[in-house]
Amino acid sequence: MHEESRPTPEPRTWYPVDGLGDTIEERWLRLRERLGVRDRSHLRALAEAAFVEPRLRALSPGTGVYWLRFSRRAAPPVFDGLPLARARGDGRYEVRTADGRLQEAASTAEAVSLLVAALPADLPTPP
């Protein structure tokens with residue numbers, strides 16, 4: 001059986017470990033399934049709320065070091081100039097904007113609102 005080799009990442013390019021080449025819809029499905037089974041990062045509620053928001057659902061989701069990340073594309077190279085969020089474990093969240101600002105959110109809904117507000121203006125709005 002022939003196994004395709006994955007491209008060697010450049011030093012600053014992040015490549016997702018799972019779902020390489022999947023569609024955005026497939027990546028959302030895999031993320032939600034994985035967080036439904038084991039959620040050590042406490043991101044399940046945030047991922048579910050982000051999935052309901054059309055502007056976030058149009059992006060490719062992923063996780064890394066307890067952060068919920070988004071990309072404009074599902075295939076490498078993954079675009080990392082978008083906001084990301086993580087659960088603090090006390091029911092609160094932190095949202096990091098693309099320029100590095102860190103904001104706190106008291107709820108899942110507030111975290112999603114902060115993520116959407118931090119999206120770039122050139123990001124198309126889904127139909």
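Quick caveat, the model's predicted, so the values are computed rather than measured.
Listed by chain and residue number, T23 satisfy the side chain to side chain contact (heavy atoms under 4.5 Å, CB included) test with E25 (two or more places apart in sequence, or in another chain). Residues satisfying the side chain to side chain contact (heavy atoms under 4.5 Å, CB included) criterion with L56, sequence neighbours excluded, are A50, E53, L59, F70, V112, L115, V116, L119.
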>> Checking L43 against L31 for the side-chain contact (heavy atoms from CB on, under 4.5 Å) test, could you report, in this order, the C-alpha distance in whole Å, the side-chain angles of both residues, the deciding distance, and whether it holds?
In response: CA-CA 10 Å; L43 287 177; L31 174 70; over 6 Å; no
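Within the structure, the salt bridge (Lys or Arg N to Asp or Glu O under 4.0 Å) test picks out the following pairs touching residues 96-116 (sequence neighbours left out): R88-E104, R92-E104, D99-R101. Residue pairs meeting the salt bridge (Lys or Arg N to Asp or Glu O under 4.0 Å) criterion with at least one member in residues 55-67: none, sequence neighbours excluded. Pairs passing the salt bridge (Lys or Arg N to Asp or Glu O under 4.0 Å) check and including a residue from residues 112-125, sequence neighbours excluded, read R72-D122.
Of all non-hydrogen atoms in R86 and W67, the two that sit nearest each other are NE-CZ2, 3.3 Å. In terms of heavy atoms, R69 sits closest to L84 at CA-CB, 4.2 Å. S60 and I24 make their closest contact through CB-CG1, 3.9 Å (heavy atoms, listed as atom of the first residue, atom of the second, distance). Nearest heavy-atom pair across A85 and V95 is CB-CG2, 4.0 Å. Contact detail for A98 and G81: the closest heavy-atom pair is CB-O, 3.3 Å. Taking both residues in full, the closest heavy atoms of T108 and A45 are given as CG2-O, 3.5 Å, listed atom of the first, atom of the second, then distance.
Side chain to side chain, R27 and S71 fail the donor-acceptor criterion of an N or O pair below 3.5 Å.
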